[in-house]
Amino acid sequence: MASVKILAIDDDPAIRTLIHRYLSQQNYQVESAGDGKTALELFNKFSPDLVVLDVNLPDTTGFQLCKKMQSHTNVFVLMLTSLADEDSKLHGFKEGADDYITKPFGLVELGARVGAILKRQRLVSNSQPEGIQLGNLTIDPQSREVKVDGELIALTALEFDILHCLAGKPGRAWKRSDLIQEVWDYEYMGDERVVDVHIGQIRKKLENSNDNPPKIKTVRGIGYKLDV
């Protein structure tokens, strides 16, 4: 099996070298960049499975770069930031980030976060090989595509995983904490509002696709469920 490809983007040469060396030692194929322009060029040539992305770059922001990358592929994005406030994190999640690490961080933690994101992809891809069909909603975990009445819906990697989780047990009311545990696949210590942000994005995309879209309903005092 081909090794997983990771693109590390950070304007600090010392941090960039540290990440590159550590992830390479974990048997990942790694490329790195120090600015947005170089990062996009590498992104198009390298086609990474996951991007480790600094928020502050000399010629752009990680938020803008994440959004641009997510507009082309469903690549996973792990953001690095010195911004510890939850609003900044929620903004990053809204742009398609899968997870956050706050600087300073440990390499073991970085490796665990990377592994958890990649494990999530493998679990989703292997759990429902035949796909899921619920009314006019079709979910194909092999191609990681979602369609409503045959029309392709462009979801980020994390949005796909959340919808796949809800569709795997239609009608079940999921607590936010249970969705986080199921989808993130490790103990997430941040604000559970991150679930609300992604649910809102999924709803918007589904509602724009069809006159009778699949409905994600809010279950008051609990969380969310996919209405069947």
Side-chain angles (χ1 to χ4, degrees), residues 1-12 15-36 38-57 60-81 89 92-103 105-127 141-145 154-165 180 182-186 188 190 194 198 201:
M1 181 183 293
S3 61
V4 171
K5 294 188 288 186
I6 297 177
L7 175 60
I9 306 167
D10 198 297
D11 65 337
D12 186 321
I15 294 177
R16 189 167 67 248
T17 300
L18 201 63
I19 293 172
H20 191 133
R21 183 178 300 154
Y22 177 77
L23 292 178
S24 296
Q25 291 171 349
Q26 307 307 306
N27 297 319
Y28 298 119
Q29 188 179 343
V30 185
E31 293 286 351
S32 56
D35 60 78
T38 306
L40 277 178
E41 291 173 354
L42 274 173
F43 180 80
N44 293 326
K45 293 177 182 177
F46 188 49
S47 297
D49 300 290
L50 184 147
V51 176
V52 179
L53 175 59
D54 186 21
V55 167
N56 296 311
L57 296 170
T60 185
T61 68
F63 300 132
Q64 293 173 326
L65 202 55
C66 177
K67 185 175 183 179
K68 188 170 291 187
M69 290 175 172
Q70 286 282 9
S71 70
H72 295 295
T73 74
N74 63 352
V75 66
F76 290 102
V77 177
L78 172 59
M79 298 197 83
L80 307 176
T81 181
K89 293 182 180 181
F93 283 128
K94 190 173 182 179
E95 299 300 345
D98 292 273
D99 199 2
Y100 254 94
I101 289 185
T102 303
K103 294 180 179 180
F105 58 88
L107 291 174
V108 173
E109 180 188 9
L110 173 68
R113 298 290 184 95
V114 167
I117 292 172
L118 296 172
K119 180 181 178 183
R120 200 177 75 229
Q121 180 185 36
R122 291 193 295 272
L123 287 173
V124 170
S125 296
N126 294 333
S127 60
Q142 294 298 315
S143 62
R144 295 181 66 81
E145 290 183 345
L155 299 181
T156 68
L158 191 51
E159 288 166 1
F160 175 91
D161 292 339
I162 292 171
L163 182 59
H164 183 274
C165 183
I180 286 172
E182 186 77 14
V183 174
W184 274 253
D185 196 41
Y186 62 89
Y188 175 74
V194 64
H198 288 297
Q201 294 292 97

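What you are looking at is a predicted structure, and each value in this text was computed from that prediction instead of being measured. FYI, side chains are in, hydrogens and waters are out, and symmetry mates aren't considered; it's all heavy atoms of this structure.
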Please name all residues satisfying side-chain hydrogen bond (donor to acceptor under 3.5 Å, both in side chains) with [X], sequence neighbours left out, ordered by chain then number.
{"X": "Q26", "result": "none"}
{"X": "Q25", "result": "none"}
{"X": "N56", "result": "none"}
{"X": "K5", "result": "none"}

(Q) Quick one, L65 with F43, criterion side chain to side chain contact (heavy atoms under 4.5 Å, CB included). Give me CA distance, side-chain angles, the key distance, then yes/no. (A) CA-CA 11 Å; L65 202 55; F43 180 80; over 6 Å; no
Q) Checking T38 side chain against G34 main chain: does a donor-acceptor pair fall under 3.5 Å? A)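 Between the backbone of G34 and the side chain of T38 there is no qualifying donor-acceptor contact (under 3.5 Å).
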Who pairs with [X] by side chain to side chain contact (heavy atoms under 4.5 Å, CB included), at least two apart in sequence or on another chain?
{"X": "E159", "result": "L155, T156, H198, Q201, I202, K205"}
{"X": "N44", "result": "none"}
{"X": "Q64", "result": "T60, T61"}
{"X": "K68", "result": "L40, H72"}

With side chains defined as the heavy atoms from C-beta onward, is the minimum distance between [X] and [Y] less than 4.5 Å?
{"X": "V183", "Y": "C165", "result": "yes"}
{"X": "L78", "Y": "D98", "result": "no"}
{"X": "L53", "Y": "L80", "result": "no"}
{"X": "H164", "Y": "P141", "result": "yes"}
{"X": "C66", "Y": "V77", "result": "yes"}
{"X": "Q29", "Y": "L23", "result": "no"}
{"X": "D11", "Y": "D35", "result": "no"}
{"X": "L118", "Y": "Y28", "result": "yes"}

Rounded to the nearest 0.5 Å, what separates atom [atom1] in [X] from atom [atom2] in [Y]?
{"X": "S47", "Y": "L42", "atom1": "OG", "atom2": "CG", "result": "11.0 Å"}
{"X": "I9", "Y": "I19", "atom1": "CD1", "atom2": "CD1", "result": "10.0 Å"}
{"X": "L158", "Y": "L163", "atom1": "CG", "atom2": "CG", "result": "11.5 Å"}
{"X": "I6", "Y": "L50", "atom1": "CD1", "atom2": "CG", "result": "5.5 Å"}
{"X": "I162", "Y": "I180", "atom1": "CD1", "atom2": "CD1", "result": "9.0 Å"}
{"X": "Y100", "Y": "T81", "atom1": "OH", "atom2": "OG1", "result": "5.5 Å"}

Q: Just do the side chain to side chain contact (heavy atoms under 4.5 Å, CB included) check on V51 and F46 with the steps written out, would you?
A: CA-CA 11 Å; V51 176; F46 188 49; over 6 Å; no
Q) Who are the salt bridge (Lys or Arg N to Asp or Glu O under 4.0 Å) partners of E145, not counting sequence neighbours? A)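 By the salt bridge (Lys or Arg N to Asp or Glu O under 4.0 Å) rule, E145 matches no residue at all.
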One thing to verify: whether [Y] and [X] come together as a salt bridge, which I'm taking to mean a side-chain N less than 4.0 angstrom from a carboxylate O.
{"X": "R113", "Y": "E109", "value": "yes"}
{"X": "D54", "Y": "R16", "value": "no"}
{"X": "K103", "Y": "D10", "value": "yes"}

Q) Given the rule in the side chain to side chain contact (heavy atoms under 4.5 Å, CB included) test, do L110 and I101 qualify, once you have shown the distances and angles that lead to the verdict? A) CA-CA 7 Å; L110 173 68; I101 289 185; 3.9 Å; yes
**Q.** Residue list, ring pair (Phe, Tyr, Trp, His ring centres under 6.0 Å) with F63, at least two apart or on another chain
**A.**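 Applying ring pair (Phe, Tyr, Trp, His ring centres under 6.0 Å) to F63 gives H91.
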